[in-house]
Every structure is written in structure tokens, then in C-alpha cells.
Amino acid sequence: MENSIWDALPPVVREEVDELIRGGRRLLAVKLIREAHPGPLPRLPDAVEVMCERTAELGC
């Protein structure tokens, strides 16, 4: 998956986001993506897009 927001997240956070998505906790995944991003806070629609892309990749 090529996404600058996803790429900027630390590996540990990426794993946690994936676990939240697998557990059906997509809103918490979006929140974590936004809060853990090391740069400026990503816009909500951008974080939702990342979560949707990950959901599709994980087949959830």
C-alpha cells in the first residue's frame, strides 16, 4: 500500500491499526492513525481513506 500517511506511521502503530481493523474497531483505527502520525494531524477523510485501504488489503 502506497500512502504517505501510512508510510509515516511507526511499524508498531501499523500493527495495532491492523489488529483494530481485524477486530472490527475501525473508528478506533482511524483515531489511532490520526493521533500517532508524527507530522501534522492528518485530515479525518484522509485517515478514513487509509483505514479503508488497509481494510481492503486485509480482506476484512
Side-chain angles (χ1 to χ4, degrees):
M1 177 172 118
E2 287 189 35
N3 184 298
S4 61
I5 295 171
W6 181 255
D7 293 342
L9 294 174
V12 167
V13 173
R14 290 186 204 176
E15 291 174 20
E16 189 172 347
V17 168
D18 286 351
E19 287 303 312
L20 288 170
I21 292 171
R22 284 186 191 107
R25 302 174 75 183
R26 292 180 176 94
L27 290 176
L28 286 176
V30 170
K31 181 180 178 190
L32 179 58
I33 290 166
R34 294 186 81 209
E35 291 177 351
H37 192 268
L41 186 69
R43 294 178 337 115
L44 181 58
D46 296 334
V48 170
E49 181 179 330
V50 170
M51 183 274 301
C52 289
E53 289 176 11
R54 287 304 299 160
T55 300
E57 281 195 17
L58 295 170
C60 296

Can you name the side chain to side chain contact (heavy atoms under 4.5 Å, CB included) partners of T55, sequence neighbours left out?
I21, R26, M51, C60
Here the side chain to side chain donor-acceptor pair (under 3.5 Å) pairs for residues 27-51, sequence neighbours left out, are R43-D46
Pairing residues for R54 by the salt bridge (Lys or Arg N to Asp or Glu O under 4.0 Å) criterion, not counting sequence neighbours
D18, E57
As an exercise, state the distance from CG of L32 to CZ of R14, rounded to the nearest 0.5 Å.
12.5 Å
Residue set satisfying salt bridge (Lys or Arg N to Asp or Glu O under 4.0 Å) with E19, at least two apart, ordered chain then number -> R22
N/O donor to acceptor pairs below 3.5 angstrom from side-chain atoms of residues 5-12, sequence neighbours left out:
none

Could you state whether L58 and V48 fall into the same hydrophobic cluster, counting links through intermediate Ile, Leu, Val, Met, Phe, Trp or Tyr residues with side-chain heavy atoms under 4.5 angstrom apart?
yes
Sequence-distant partners of R25, side-chain hydrogen bond (donor to acceptor under 3.5 Å, both in side chains), two or more places apart:
none
With a 4.5 Å cut-off on side-chain heavy-atom distances among I, L, V, M, F, W and Y, is there a chain of contacts connecting L44 to I33?
yes
